[in-house]
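First the structure, in the form of structure tokens, and then the observations on it.
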Amino acid sequence: MPSEAPIGVIDSGAGGLSVLKKIRELMPNEELIYVADSWFAPYGEKPAEDIRRRCFENMGFFDLQHIKALVLACNTATAAAVKELRALYRIPIIGMEPAIKPASELTRTGVIGVMATAGTLDSDKYLDLQSMYTDKVEIITRACPGLVDEIEKIEPDEGEIIKLVTEYTEEFLDRGGDTLVLGCTHYALISDIIRDIVGSNVVLVDTGMAVAKELRRRLLENDLLSDSLKTGRLSFFTSGNVQEQKALLSRYWGEEIEVLRYLNFILTI
Ligand code: DGL
């Protein structure tokens, strides 16, 4: 039976908007609830155990919204918690991981780069994925401390972002890399800056649309796609300061949006 229930989309902050945009583009009639866990951001350098616990706390809010599917629009949260969340919840849960597979098919030099958080790169999930491709391509990984913090600032310093991206892509460029995986949803928000730095010969691989397509496939498979002919409602929530997050999320979303505060709590698990 088609379902008009909302879809939950979550990230530590604004990064998941890069995925939300693609979902909106592909399925404009679905109702979407976006959660920016700004108070707990950034996730990238926190212990996996803390992120996992936080994901379950945030699910308390989504439970109250009766979501029909969840998109973890965050590589770090996926690496830390997707397995445990899937074990507890029956709804489709779509996670994300750095797009090594498409990158290894696209590269001509045989050298690809992966920019991601330390939490993602250190995870067993990522290391298992990477090990499937190390005999085919050379993979230059780079954790990017400080980059998400800068992107999350109410007034980001573009000079600082340029400095950090230049530093974090240096080895990849020096080694002849031609395909760069944006393994953190926040980096897709600054893809224009990254492109300027690495040059137009480098292919940037972002998984936003692939995740949106996977979401649609899972909804279809579970008979959960909306059959509404109207544009779906879109709401934004934050665990951080509402006024600040309204300014920040509006800037990255590209239009003025309302942002509400959500409360999270832990279920007995
Ligand atoms: N946007 C998230 C990701 O895709 C995490 C960023 C962070 O909070 O460090 O990994």
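We count ligands from 1, going down the list as the structure has it; atoms in each ligand are counted the same way.
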Do Tyr262 and Tyr89 share a hydrophobic cluster, counting only Ile, Leu, Val, Met, Phe, Trp and Tyr and linking them when any side-chain heavy atoms are less than 4.5 Å apart? yes
Salt bridge (Lys or Arg N to Asp or Glu O under 4.0 Å) against Glu4, all qualifying residues, sequence neighbours excluded: none
Does any donor atom in the side chain of Asn29 or Ser228 lie under 3.5 Å from an acceptor atom in the other side chain? no
Amino acids contacting ligand 1, non-hydrogen cut-off under 4.0 Å: Asp11, Ser12, Pro42, Tyr43, Gly44, Cys74, Asn75, Thr76, Thr117, Val148, Cys184, Thr185, His186
For Phe172, enumerate each residue passing the ring pair (Phe, Tyr, Trp, His ring centres under 6.0 Å) test, keeping only those at least two apart in sequence or located in another chain. none
Kindly state each residue pair satisfying salt bridge (charged side-chain N to carboxylate O under 4.0 Å, His left out) with at least one member in residues 75-85, sequence neighbours excluded. Arg52-Glu84
Testing the 3.5 Å rule here: is there a donor-acceptor pair between the side chains of Asn75 and Tyr43? no
